[in-house]
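To keep things clear, I will list the structure first and then write my remarks on it.
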Amino acid sequence: MPTKVVYIIDENRVNRDLIERLMKNEFGSLIIKRFDSCESGFRYLMEEQRFLVKEYPDSILLSGSLSPNCISRFLEEVENFQPQLGKPIQVHMMLDPNSAQSLDFKKSTLVSGIIERPICPQDIFNLAQSLLVAV
């Protein structure tokens, strides 16, 4: 079974640390890549093309606190690049309750779910478990 890769894109280092720790403690076989902006996450994704063994993401946890322009552009770029990856990518938006932005990002075909903040460990466990059981 191939190793599953998760990108965490959040400007808040504490959130990135928390999510990574939750995933690694429960599901140590996941590969976690952490980024503080959409740009750095997408740049890393493009750099993967140079490597023989590519670690393209199976899932991306994307903070809704980043600038709306940055998020929209990121989703559009990943959606355009996805056919070259050879596998689907699920994007889960991390949003504050009652966030007006949640409606904006549901238009993207990549966004498959929303995780409300503050982050509930069970939501992270469910996401990681769904990745590992997916074939």
Side-chain angles (χ1 to χ4, degrees):
M1 176 169 74
T3 305
K4 300 296 182 172
V5 179
V6 178
Y7 284 12
I8 303 169
I9 303 176
D10 194 329
E11 71 289 353
N12 186 317
R13 184 181 55 82
V14 174
N15 286 341
R16 290 190 312 265
D17 290 347
L18 172 68
I19 294 167
E20 180 180 25
R21 201 169 313 124
L22 286 170
M23 286 187 163
K24 285 291 192 177
N25 284 343
E26 283 295 313
F27 307 97
S29 63
L30 292 174
I31 295 174
I32 310 290
K33 304 290 182 184
R34 305 162 17 133
F35 308 98
D36 62 358
S37 70
C38 297
E39 290 87 7
S40 61
F42 189 72
R43 195 173 328 113
Y44 185 85
L45 180 65
M46 294 294 99
E47 287 290 317
E48 284 292 317
Q49 295 179 73
R50 298 182 326 157
F51 301 115
L52 183 59
V53 177
K54 295 168 178 46
E55 294 178 338
Y56 292 131
D58 294 281
S59 184
I60 299 172
L61 294 171
L62 183 60
S63 172
S65 300
L66 297 162
S67 80
N69 185 42
C70 177
I71 294 171
S72 295
R73 200 171 111 232
F74 175 80
L75 290 172
E76 183 179 315
E77 293 291 335
V78 171
E79 196 167 341
N80 291 337
F81 184 68
Q82 188 170 4
Q84 298 172 39
L85 300 179
K87 68 178 179 178
I89 298 175
Q90 297 178 354
V91 176
H92 296 273
M93 296 296 301
M94 297 181 290
L95 299 171
D96 295 322
N98 304 321
S99 172
Q101 289 182 333
S102 65
L103 299 175
D104 296 338
F105 305 122
K106 284 192 174 188
K107 296 173 189 168
S108 171
T109 59
L110 291 178
V111 177
S112 59
I114 293 175
I115 297 176
E116 284 192 10
R117 291 184 191 207
I119 301 295
C120 172
Q122 191 60 47
D123 291 339
I124 300 300
F125 297 154
N126 291 343
L127 171 69
Q129 185 68 39
S130 71
L131 279 174
L132 293 173
V133 294
V135 177

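Just so it is clear, the structure is predicted and the values come from calculations on it, not from any experiment.
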Is the shortest side-chain heavy-atom distance between Q84 and Q49 below 4.5 Å? yes

Here the gap from H92 atom NE2 to D123 atom CG, rounded to the nearest 0.5 Å, amounts to 10.5 Å

Rounded to the nearest 0.5 Å, the CG atom of L132 sits from the OG1 atom of T3 at a distance of 9.5 Å

Nearest heavy-atom contact between A128 and L30 is CB-CD1, 3.7 Å

Scanning both residues in full, the closest heavy-atom pair of L75 with L110 reads O-CD1, 3.6 Å

So the salt bridge (Lys or Arg N to Asp or Glu O under 4.0 Å) pairs with at least one residue in residues 9-19 (sequence neighbours excluded) are D10-R117, R13-D17, D17-R34

- Measure from the side-chain N and O atoms of S130 to the backbone N and O of L127, and report whether any donor-acceptor pair falls under 3.5 Å. yes

With a 4.5 Å cut-off on side-chain heavy atoms, are I71 and M93 touching?
yes

In short, D36 meets L66 closest at the heavy-atom pair O-CD2, 4.0 Å

* Would you call E47-R50 a salt bridge at under 4.0 Å N-O? -> yes

Closest heavy-atom pair, G41 versus I9, reported as atoms and distance to 0.1 Å, is CA-CD1, 4.3 Å

Donor-acceptor contacts, no H, no angles, side chain residues 54-62, under 3.5 Å, sequence neighbours left out:
unit_1, atom_1, unit_2, atom_2, d
K54, NZ, F51, O, 2.6
E55, OE1, K33, NZ, 3.2
D58, OD1, K87, NZ, 3.2
D58, OD2, V5, N, 2.8
D58, OD2, K87, NZ, 3.3
S59, OG, Q90, O, 3.4

V6 vs L131 side-chain heavy atoms within contact, under 4.5 Å: yes

ask   = Quick one: are K24 and I32 in side-chain contact, heavy atoms under 4.5 Å?
value = yes

Any side-chain heavy atom of M94 within less than 4.5 Å of one from I19? yes

Can you find a heavy atom in the side chain of P121 that is under 4.5 Å from one in the side chain of F125?
yes

ring-ring contact (aromatic ring centres under 6.0 Å, His included) pairs touching residues 8-41, sequence neighbours excluded, are Y7-F35, F35-Y44

Pairwise side-chain contact, C70 with E39, heavy-atom cut-off 4.5 Å (strictly under)
yes

